[in-house]
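Heavy atoms only: backbone and side chains are in, while hydrogens, waters and symmetry mates are out.
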Amino acid sequence: MATHVITGAGSGIGAAVARRLHARGDELVLHARDAARAKELAAEFPGARTLVGDLADPDRLSWAFSHQSLPDRVDSLLHIAGVLELGPVGELTPKSWRHQIDVNLLAPAELTRHFLPQLRVARGHVVFVNSGSGLNAHAGWAAYAASKHGLKALADALREEEHAAGVRVTSVYPGRTASPMQAKVHQQEGKSYDPDRWIDPESVATTVLMSLDLPCDAEVNDLTVRPGR
């Protein structure tokens, strides 16, 4: 039975991935920002363990984890949580920049640091669910794209550093995906939201599981997923 640590399992792509892994009987360790959210996730995924820590405060994740039981072995660490706030460079505040960089980049780096020993034991897999914004930046998306470009750099460096230890690293770059985050994006853009126009989270989950289930003689480094309609 494989053990997966997952952020963002409460909705969207993260929830789709967690459901698929839970259905096949794998062991889940689901990250939650607080105890109330952890209780909700435990009820949604019976048998799953939870891990509480605020991704918006990466400096305190180490302290939070020191008061909890961590798994001895981790077969995959799935970074799926993220935040997004649109705005032109001329209007974005340092608070907005910091929040997106803390959650989207520094927290994944800190989580990876904590779980690398367990990943090495299992010759495990780190998956960063990035974004098309991690490859291209557009007007109004500067802070989010910067955090996601940084996440690509983190993944690329980690892949080279851990290759000899047998740890695989994959970045997935989804286009717009039907999710609560996408609904929020449309609200910020002042546009009506039609989820049928965008990628189903289950389709992105399929690509994530494909990379996880690939035999260990091969590794998917980068995978771009775009809307098919």
side-chain contact (heavy atoms from CB on, under 4.5 Å) evaluation trace for Leu51 with Gln68: CA-CA 7 Å; Leu51 183 65; Gln68 300 172 75; 3.6 Å; yes
How far apart are the C-alpha atoms of Arg226 and Tyr173, what are their side-chain angles, what is the distance that settles it, and do they pass the side-chain contact (heavy atoms from CB on, under 4.5 Å) test? CA-CA 8 Å; Arg226 305 299 299 169; Tyr173 302 92; over 6 Å; no
Between Leu78 and Leu21, does the side-chain contact (heavy atoms from CB on, under 4.5 Å) criterion hold? Intermediate values first, please. CA-CA 12 Å; Leu78 307 174; Leu21 294 173; 3.9 Å; yes
Could you walk me through whether Arg19 and Glu202 pass the side-chain contact (heavy atoms from CB on, under 4.5 Å) check? CA-CA 10 Å; Arg19 284 193 297 268; Glu202 293 291 342; 3.0 Å; yes
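To the nearest 0.5 angstrom, Leu214 atom CG is 12.0 Å from Leu209 atom CG. Atoms CG and NZ, from Leu135 and Lys148 in turn, are 11.0 Å apart once rounded to the nearest 0.5 Å. Separation of atoms OG (Ser76) and CG (Asp213) is listed at 9.5 Å; rounding is to 0.5 Å. Here the CG atom belonging to Asp54 is positioned 11.5 Å from the CG atom belonging to Asp59, to the nearest 0.5 angstrom. Note that NE2 of His31 is 12.5 Å distant from CD1 of Ile6, once rounded to the nearest 0.5 Å. For the atom pair CG (Asp200) and CD1 (Ile13), the distance works out to 10.0 Å, reported to the nearest 0.5 Å.
With hydrophobic clusters built from ILVMFWY side chains whose heavy atoms lie under 4.5 angstrom apart, Phe128 does not share a cluster with Val204. Under the 4.5 Å side-chain heavy-atom criterion for Ile, Leu, Val, Met, Phe, Trp and Tyr, Val129 and Leu28 are members of the same hydrophobic cluster. One hydrophobic cluster, built from ILVMFWY side chains closer than 4.5 Å, holds both Leu106 and Leu77. In the hydrophobic clustering of this structure, Leu61 groups with Val74; members are Ile, Leu, Val, Met, Phe, Trp, Tyr whose side-chain heavy atoms approach within less than 4.5 Å, directly or through other members. By the criterion of side-chain heavy atoms lying less than 4.5 angstrom apart, applied directly or through intervening Ile, Leu, Val, Met, Phe, Trp or Tyr residues, Leu30 is not grouped with Leu55; the two fall into different hydrophobic clusters.
Between Leu223 and Met210, the closest side-chain pair of non-hydrogen atoms falls below 4.5 Å. Between Leu158 and Leu116 there is a side-chain heavy-atom pair separated by less than 4.5 Å. Counting heavy atoms from C-beta on, the side chains of Leu212 and His125 come closer than 4.5 Å. Side chains of Pro71 and Glu27 form no contact here, defined as non-hydrogen atoms less than 4.5 Å apart. With contacts defined as side-chain heavy-atom distances shorter than 4.5 Å, the pair Val17/Val127 does not qualify.
For Arg33, the CZ atom sits in a loose shell: 12 or fewer heavy atoms of surrounding residues, nucleotides or ligands are nearer than 6.0 Å.
The aromatic rings of Phe115 and Phe65 sit tilted, their planes meeting at an angle between 30° and 60°.
Although no hydrogens or angles enter the test, the distance criterion places a donor-acceptor pair under 3.5 Å between the side chain of Arg159 and the main chain of Asn221. Of the possible donor and acceptor atoms, none in the side chain of Ser171 sits under 3.5 Å from a partner among the backbone N and O of Lys152. Checked by atom type and distance alone, the side chain of His138 never pairs as donor or acceptor with a backbone atom of Ala145 at under 3.5 Å. At least one donor-acceptor pair under 3.5 Å links the side chain of Glu219 to the backbone N or O of Val169. Between the His79 side chain and the Val126 main chain, no donor and acceptor come within less than 3.5 Å of each other. In this structure a side-chain-to-backbone donor-acceptor pair under 3.5 Å is missing from Asp75 to His4. When atom types are taken as modelled, the side chain of Asp72 and the backbone of Gln118 share no donor-acceptor pair closer than 3.5 angstrom. Under the 3.5 Å distance criterion, the side-chain polar atoms of Arg123 are left unmatched by any main-chain donor or acceptor of Cys216. The closest donor-acceptor contact from the side chain of Thr7 to the backbone of Ala81 lies under 3.5 Å. With hydrogens and angles disregarded, a donor-acceptor distance shorter than 3.5 Å links the side chain of His67 to the backbone of Trp63.
Here the closest non-hydrogen pair linking Ala64 and Val52 is CB-O, 3.7 Å. When all heavy atoms of Gly10 and Ala15 are compared, the closest pair comes out as C-CB, 4.0 Å. Closest approach of Asn104 and Gly82 over heavy atoms only: OD1-CA, 3.2 Å. What you find for Gly14 and Ile80 is that their closest heavy atoms are N-CG2, 3.4 Å. Of all the heavy atoms in Asp102 and Ala56, the pair that sits closest is OD2-O, 3.6 Å. Smallest separation of non-hydrogen atoms from Ala18 and Ala9: CB-CB, 4.0 Å.
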For residues 90-99, please give each side-chain donor-acceptor pair under 3.5 Å, one per line with the distance, not counting sequence neighbours.
from	atom 1	to	atom 2	distance (Å)
Thr93	OG1	Ser96	N	3.3
Ser96	OG	Glu85	OE1	3.1
Ser96	OG	Gln100	NE2	3.2

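Under the side chain to side chain donor-acceptor pair (under 3.5 Å) criterion, Arg168 pairs with no residue at all, not counting sequence neighbours.
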